[in-house]
Amino acid sequence: MTPEPLNREQMAWRAAQDLREGDYVNLGIGIPTLAASYVPPGREVIFHSENGILGMGPKPAPGKEDPYMVDAGKNLTTLVAGGCFVHHADAFLMIRGGHLDVSLLGAFEVSETGDLANWTTEDPAFPPGVGGAMDLAVGARAIRVIMEHTSKKGEPRILKACTYPLTAAGCVKRIYTNLAVIDVTPQGLIVLELIPGMTLEKLQELTEPRLQLSPDWKVLAPPAAPKARAA
Amino acid sequence: MTPEPLNREQMAWRAAQDLREGDYVNLGIGIPTLAASYVPPGREVIFHSENGILGMGPKPAPGKEDPYMVDAGKNLTTLVAGGCFVHHADAFLMIRGGHLDVSLLGAFEVSETGDLANWTTEDPAFPPGVGGAMDLAVGARAIRVIMEHTSKKGEPRILKACTYPLTAAGCVKRIYTNLAVIDVTPQGLIVLELIPGMTLEKLQELTEPRLQLSPDWKVLAPPAAPKARAA
Amino acid sequence: MIDKQVKTTAEAVAGVRDGSTVLVAGFGAVGVADNLLEALHEQGARELTIVANNSGNGDYGLARLISSGRVRKVICSFPRSGDYSAFLNAYRAKSLELELLPQGTISERMRCHAAGLGGFFSPVSAGTKLGEGKETREIDGRLHVFEKPLKGDVALIKANKADRWGNLSYIKSARNFNPVMAMAADLTVVEVDQMVELGEMDPEAVVTPSIFVDRVVVVGASA
Amino acid sequence: MIDKQVKTTAEAVAGVRDGSTVLVAGFGAVGVADNLLEALHEQGARELTIVANNSGNGDYGLARLISSGRVRKVICSFPRSGDYSAFLNAYRAKSLELELLPQGTISERMRCHAAGLGGFFSPVSAGTKLGEGKETREIDGRLHVFEKPLKGDVALIKANKADRWGNLSYIKSARNFNPVMAMAADLTVVEVDQMVELGEMDPEAVVTPSIFVDRVVVVGASA
């Protein structure tokens with residue numbers, strides 16, 4: 001049996017389980033944004049958006065859209081009770097100054113020492129864009145990445161050294177992929193969880209640097225269809 | 001007849017006449033603070049206090065004192081319509097960033113090149129205090145000083161070089177004394193106004209560096225008892 | 001009586017010179033002074049350097065300035081946002097220069113100028129391609145790059161309410177870059193939805209104090 | 001449920017270690033967390049470095065900490081304010097060290113730490129006795145000194161209202177150093193006049209967002 005990789009919702013669900021009560025968290029554009037919907041019920045996590053929202057809520061319910069409320073991806077969003085607005089310099093003071101507990105980012109590549117490449121593929125046909133990626137990769141107390149384990153061609157995206165230009169060096173502490181959960185440690189990459197049917201050997205084939213299996217490793221088995229929080 | 005020097009209120013009155021409609025002005029502790037009361041009626045000048053008030057008003061009327069409203073000298077004050085509150089870093093951003101039109105300061109000594117000494121006399125019995133003096137001397141678009149022309153012993157306080165430690169070098173552009181109004185220019189000290197009975201020669205005896213009389217000089221004759229604005 | 005209100009957007013942008021650096025606030029399409037940008041297009045200034053987070057949308061505002069060839073350079077963090085075809089065409093034609101900066105570096109460099117400082121060391125972009133050519137320094141064991149203050153000749157600001165002194169308030173996430181840019185230009189021009197009486201704004205809740213504002217024009221409500 | 005409220009001022013200052021740097025907000029006697037200072041006195045931490053604008057008044061709060069010999073060093077801009085006899089006695093007895101800094105330099109250095117920056121160049125104090133020993137650099141023809149970030153282990157904050165997340169608002173000029181110091185410490189402890197329900201504070205008018213606050217204690221109203 002070929003192991004069934006997690007889908008986007010399941011990856012977001014898994015990352016959301018690690019957010020603790022009271023954490024201040026910035027979610028990057030893409031899969032990380034989905035994580036907001038999968039925080040366990042009753043657990044209060046406060047989401048930050050770099051365009052000046054602290055206490056960002058879910059997508060607006062139909063009919064409740066407010067054009068003055070957009071998230072970092074320019075999608076419509078909401079504010080929860082206890083949220084507030086700040087200007088851009090203060091929003092990035094929060095990011096750069098280490099005030100966020102967690103920054104959950106997408107990535108093109110991560111190296112075995114936690115180097116992150118997530119801002120440009122150097123496509124000559126399009127201008128590069130960096131947005132808040134470099135600020136986020138430098139500032140939060142914990143930088144975690146959600147990414148597909150391999151490229152569409154099946155090539156490893158967890159590498160000995162990134163091939164794309166770096167966003168920041170040595171910043172990533174944990175990687176959630178569609179196959180595993182991996183910690184980046186001074187001792188190297190430690191596999192904490194594997195999807196059902198996955199083995200360290202199979203995962204190693206899809207990963208460039210050497211992986212070590214944690215003695216406490218667990219099976220990574222999110223719900224088949226994680227239940228999203230209501231708006 | 002010995003010329004009659006201006007009193008504190010008259011000096012403050014004179015400095016206030018140079019404040020223009022719409023100027024944002026910080027007034028130093030002491031005589032400069034009095035200037036707020038002598039802005040000509042109908043002229044809107046906006047006063048800044050470095051502890052986070054923009055749009056500071058006059059002293060409170062009796063019975064209207066508010067313990068949450070103090071000025072830079074920790075005296076009770078008021079807010080005018082259009083005023084607002086900011087925190088300390090923003091209050092000093094306004095000062096340091098050149099956003100104030102005028103900073104009106106007291107001084108121990110001013111040099112002929114506009115060096116200002118107004119923060120310490122190096123009295124060994126007391127700790128020094130600098131407060132916002134150095135910020136104010138560096139930041140405003142125009143730095144003006146109000147001071148007695150001589151010390152209590154009759155010694156000049158406008159000097160070739162300051163004897164007390166500097167607050168900032170080359171910052172003072174205009175000096176209001178109890179005897180004259182003097183501009184500090186690249187060509188030296190230019191006397192713009194003299195109190196009745198005062199001559200350039202007499203003033204020069206009380207001043208260390210060379211003075212030049214402006215061809216357009218005027219008599220400096222404030223009202224005997226300038227009328228203060230009502231609270 | 002102080003009154004910073006002007007009657008038309010044309011008066012608001014009068015005097016902007018060729019070669020100016022223009023701070024264009026907003027994030028995506030939210031909190032952008034599109035009416036002032038249109039007026040600036042009419043006004044005709046050329047060879048502009050634009051500082052913005054994005055690069056304009058559709059065929060109006062900043063996008064129109066770009067497609068009309070008025071823009072020499074764009075300093076931004078994320079040009080690829082919305083329909084940025086006007087920028088993309090100019091970029092591919094090499095008719096304008098792009099300087100890409102991290103979003104927090106743009107806002108902090110403007111705040112640095114506003115605060116009268118000479119520059120700062122930041123860990124952001126140190127050791128990356130965007131930090132190349134910048135002075136570096138290791139501080140507390142961490143690599144930093146030196147960032148200089150960034151100043152506008154003009155800032156185009158979108159606010160919700162203003163009074164005649166120029167105190168400003170914003171709506172929700174339309175605040176974004178506006179307060180920072182309002183502090184960082186020689187001439188700060190604001191379009192607002194409405195004017196209120198002096199003293200009507202809560203002195204505890206003024207976001208941009210009047211000291212930073214030069215001209216205000218009412219354009220009515222829009223996001 | 002997040003609830004940063006603690007029941008007593010003793011709980012609020014629990015864990016402050018000997019040798020800590022304590023940011024003490026306020027300007028003169030306004031906006032000072034005197035109840036937390038009293039609790040810190042009870043708590044007993046010694047060898048403290050205090051960062052404040054002034055040096056305490058009378059025989060309470062900061063003055064009491066000083067007269068009890070708990071303070072090793074005071075970093076401030078203006079020690080001579082009000083009845084500062086406790087400080088003056090210690091100063092003359094050379095039992096504490098005074099580091100005098102310009103007021104705007106103190107606040108900016110704390111903001112610099114809060115913003116995650118490595119330091120900045122400032123024209124303030126350049127060429128003066130207070131700038132001696134600091135790295136200098138001429139920027140755009142003007143002499144600057146290099147200023148390092150200033151961080152607190154603890155900040156003692158006085159606010160008016162808080163909610164259970166720790167969002168804060170202040171009253172008038174009692175705001176002063178409070179929002180800056182609240183951002184600049186590892187542990188930010190707040191005494192407030194009253195708690196309000198989450199969502200009751202205007203999201204446009206929160207001055208200190210909850211992210212900067214660790215503990216809140218209600219002490220009732222005072223200036």
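A note on names: the letters A, B, ... follow the listed sequences, proteins ahead of strands, and every chain is numbered from 1.
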Query raised in the report: Roughly how far, to the nearest 0.5 Å, is the NZ atom of Lys148(C) from the CD1 atom of Ile139(D)?
Result: 9.0 Å
Query raised in the report: Contact part of Glu147(C) toward chain D, heavy-atom cut-off under 4.5 Å: side chain, backbone, both or neither?
Result: neither
Query - Segment of Arg175(D) engaging chain C (4.5 angstrom heavy-atom cut-off) - result: side chain
Query raised in the report: Which atoms of Lys172(C) come close to chain D, meaning under 4.5 Å heavy atom to heavy atom: side chain ones, backbone ones, both, or neither?
Result: both
Query raised in the report: Does atom CZ of Arg80(D) have more than 12 heavy-atom neighbours from other groups under 6.0 Å away?
Result: yes
Query - More than 12 heavy atoms of other groups within 6.0 Å of Lys134(D) NZ - result: yes
Query raised in the report: At what distance, to the nearest 0.5 angstrom, does CD of Glu204(C) lie from CD of Glu204(D)?
Result: 15.0 Å
Query raised in the report: Do you know which of Ala205(C), Gly119(C), Pro203(C) has the most heavy-atom pairs with chain D at a distance under 4.5 angstrom?
Result: Gly119(C)
**Report entry** Residue part contacting chain D, namely of Tyr170(C), when any heavy atom lies under 4.5 Å
**Finding:** backbone
Query raised in the report: Which residue out of Arg137(D), Arg111(D), Glu108(D) racks up the most heavy-atom pairs below 4.5 Å with chain C?
Result: Arg111(D)
Requested in this report: Residue by residue, scan residues 121-129 of chain D and write down, ordered by number, those that have a heavy-atom distance under 4.5 Å to chain C; if none do, write 'none'.
Outcome: Phe121(D), Ser122(D), Pro123(D)
